[in-house]
Protein chains: 2
Amino acid sequence: MEQPSEFQSLLEESSRSAWQLYVPHISVDCVVFGFHEASLKVLLLKMKDQELWGLPGGYMKIEEELREAAVRILEERTGAHNIFLQQFGVFSDLNRSEGFFQDFPDTLWMKQRFISVGFYALVDYTKVQPQADNLSSTCAWQDINRLPELMMDHRQIFDEALLTLRRQLNYKPIGYNLLPEEFTMPELQKLYELILGKKLNRGNFYRKMVGYDILEKLDEPRKSGGAYKAPNLYKFHVERYQTALQNGFKEGW
Amino acid sequence: MEQPSEFQSLLEESSRSAWQLYVPHISVDCVVFGFHEASLKVLLLKMKDQELWGLPGGYMKIEEELREAAVRILEERTGAHNIFLQQFGVFSDLNRSEGFFQDFPDTLWMKQRFISVGFYALVDYTKVQPQADNLSSTCAWQDINRLPELMMDHRQIFDEALLTLRRQLNYKPIGYNLLPEEFTMPELQKLYELILGKKLNRGNFYRKMVGYDILEKLDEPRKSGGAYKAPNLYKFHVERYQTALQNGFKEGW
DNA sequence: ACAAAAGTGTTTGTAGTACACCCATGG
DNA sequence: CCATGGGTGTACTACAAACACTTTTGT
């Protein structure tokens with residue numbers, strides 16, 4: 001008999017309390033988007049003793065609702081509060097975790113069949129302190145265009161999240177949640193371009209954003225240590241932002 | 001001690017086999033839309049011994065995926081095959097079934113906490129034979145504008161389904177699944193108006209539909225037993241329909 | 001001078017909305 | 001003739017897309 005790996009010992013330890021704490025068969029996976037240095041990032045965990053990365057996830061406590069579980073998981077992983085969360089799909093393939101757990105004992109909590117509910121989250125990169133959990137060695141931001149290989153069906157979950165984010169760009173408070181309090185117009189445009197995966201015309205974008213009447217221009221431009229003209233700073237006018245979102249920026253028919 | 005009601009006996013009977021057959025804590029609820037006599041209908045079940053109605057639903061078998069479970073449930077309730085199914089949300093409130101089952105014994109399968117995944121379905125009214133299940137006395141179509149009181153959170157589930165249907169009207173094969181093989185332009189327009197809850201301009205609707213290039217006009221008009229001019233019959237050109245849907249009829253940005 | 005940012009103008013094309021007109025046809 | 005259905009014309013509006021010009025500002 002081989003020695004169980006350290007990873008397996010950890011799984012077994014978490015497993016013991018899990019049976020009491022959580023509702024079986026149901027899990028939550030979160031796709032956390034952040035925006036930094038002109039690129040769109042996702043928060044990933046590198047599993048201990050494994051080359052694979054995974055999405056932050058967890059289980060639903062007996063007395064919890066799904067969304068509460070997602071909030072709790074995200075607060076543990078990011079330290080941030082008031083995170084924008086949106087459910088986007090359920091993943092129930094029979095064999096979705098088969099490959100990953102096949103070498104581990106059947107009594108593990110994690111080896112049950114799980115139906116996973118996907119949430120995507122939008123966070124202010126500057127407010128997040130990525131924290132690994134007890135099964136992972138690292139928690140880090142990764143560029144969405146250069147993702148490492150992901151465990152189980154997490155790649156599919158990520159793709160679905162990004163697709164949903166794209167579709168909801170016109171209707172949901174997306175800039176508001178991904179940008180710091182104060183930001184510049186080029187930053188906002190870059191963010192939109194990254195989400196949509198294509199260039200947008202600057203002049204048109206400017207007019208459109210100003211036209212929505214949800215931005216407040218601040219008096220002072222960014223005190224740039226860099227070169228060239230300092231860009232104007234903006235912040236969202238929260239109240240008008242909320243009401244604009246009620247109607248949606250636009251809809252069909 | 002009171003006698004257990006007939007309804008309770010039935011619950012207890014179903015309960016016994018359920019523990020072996022199904023994955024606990026996970027259920028499926030279906031909002032089945034049909035179109036008939038110029039109104040939009042939903043398939044509902046009237047619970048035995050109860051005044052309340054409920055959505056057709058069920059549980060996921062051990063070796064089943066969620067969608068397969070929904071398909072099975074719908075085939076049992078409607079007799080129809082190849083039903084268009086779309087997942088639209090997860091309902092996980094802690095107390096979502098509390099009120100309904102409070103007078104029944106705690107050992108009942110149904111009294112567990114369930115996380116319910118909502119699917120909406122679009123069916124050809126003429127192909128459906130509503131079938132009650134063993135807990136319900138009636139399975140019947142109800143006008144969406146005159147729904148009876150629904151059990152648990154089924155009203156909320158229905159509302160969410162209708163909202164999703166409305167939003168997806170431009171992107172998904174909605175007319176195709178709700179109408180019989182052959183239909184007239186006024187019928188198609190009426191369907192759209194019912195889903196959207198508002199009148200549409202006839203001329204514009206006609207041009208738009210013809211412009212999508214997914215309809216085939218048939219040689220013969222409807223041999224109307226009624227009065228006035230016989231309307232033209234159309235059917236969907238399945239192939240062009242599918243490709244048009246790939247792209248979506250329209251998108252933002 | 002240069003490069004980035006800001007603001008505005010113009011043109012073209014497409015799509016939705018509203019209204020109106022004419023024809024066809026079955027009773 | 002009338003009510004319904006079919007098909008088209010047209011004008012107004014909104015918006016997107018592409019492009020261009022100007023001005024401001026920090027190094």
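So you know, we letter chains A, B, ... as the sequences are listed, proteins then strands, and number each from 1.
- Comparing C:dA24, D:dG7, C:dA6 by their closest approach to the side chain of A:P186 singles out C:dA6.
- Taking atom CG of residue A:N204 and atom P of nucleotide C:dG13, one finds them 16 Å apart after rounding to whole Å.
- Between A:N232 and the phosphate of D:dT24, there is no side-chain N or O to OP1/OP2 separation shorter than 4.0 Å.
- Note on B:Y228: every side-chain N or O is 4.0 Å or more away from OP1 and OP2 of D:dG5.
- If you check distances only, the side chain of A:R202 does reach the base of C:dA6 with a donor-acceptor pair under 3.5 Å.
- For B:Y234, taking side-chain heavy atoms from C-beta onward, the closest of the listed nucleotides D:dG7, D:dG6, C:dG7 is D:dG7.
- Distance OH (A:Y206) to P (D:dA16): 17 Å, rounded to an integer number of Å.
- Look at B:K208 and you won't find any side-chain N or O under 4.0 angstrom from OP1 or OP2 of C:dA15.
- The CG-C1' distance, from A:L196 to D:dA17, rounds to 15 Å in whole Å.
- A donor-acceptor contact shorter than 3.5 Å links the side chain of A:R67 to the backbone of A:L85.
- Separating the CE atom of B:M209 from the C1' atom of D:dG7 is a distance of 16 Å, rounded to the nearest angstrom.
- Per the geometry, CG belonging to B:L188 stands 14 Å off C1' belonging to D:dG6, to the nearest Å.
- Rounded to a whole Å, the CG atom of B:L218 is 16 Å from the C1' atom of D:dG5.
- With salt bridges taken as basic N to acidic carboxylate O contacts below 4.0 Å, one links B:E181 and B:K235.
- Taking the centre of each ring, A:F91 and A:F114 stay at or above the 6.0 Å mark.
- The side chain of B:K217 contributes an N or O atom lying less than 4.0 Å from OP1 or OP2 of D:dG7.
- Put simply, the side chain of B:E193 gets close to the backbone of B:L200: a donor and an acceptor are under 3.5 Å apart.
- Taking each heavy atom of A:L55 and A:H154 in turn, the nearest pair found is N-ND1, 2.9 Å.
- Rounded to an integer number of Å, the gap from CG of A:N201 to C1' of D:dA16 is 10 Å.
- The listed nucleotides are D:dC19, C:dA6, D:dT4; the one nearest the side chain of A:R207 is D:dC19.
- Within the nucleic acid shown, B:K199 has no heavy atom closer than 4.0 Å to any nucleic acid atom.
- Atom P of nucleotide C:dA5 and atom CZ of A:F205 are separated by 14 Å, given to the nearest angstrom.
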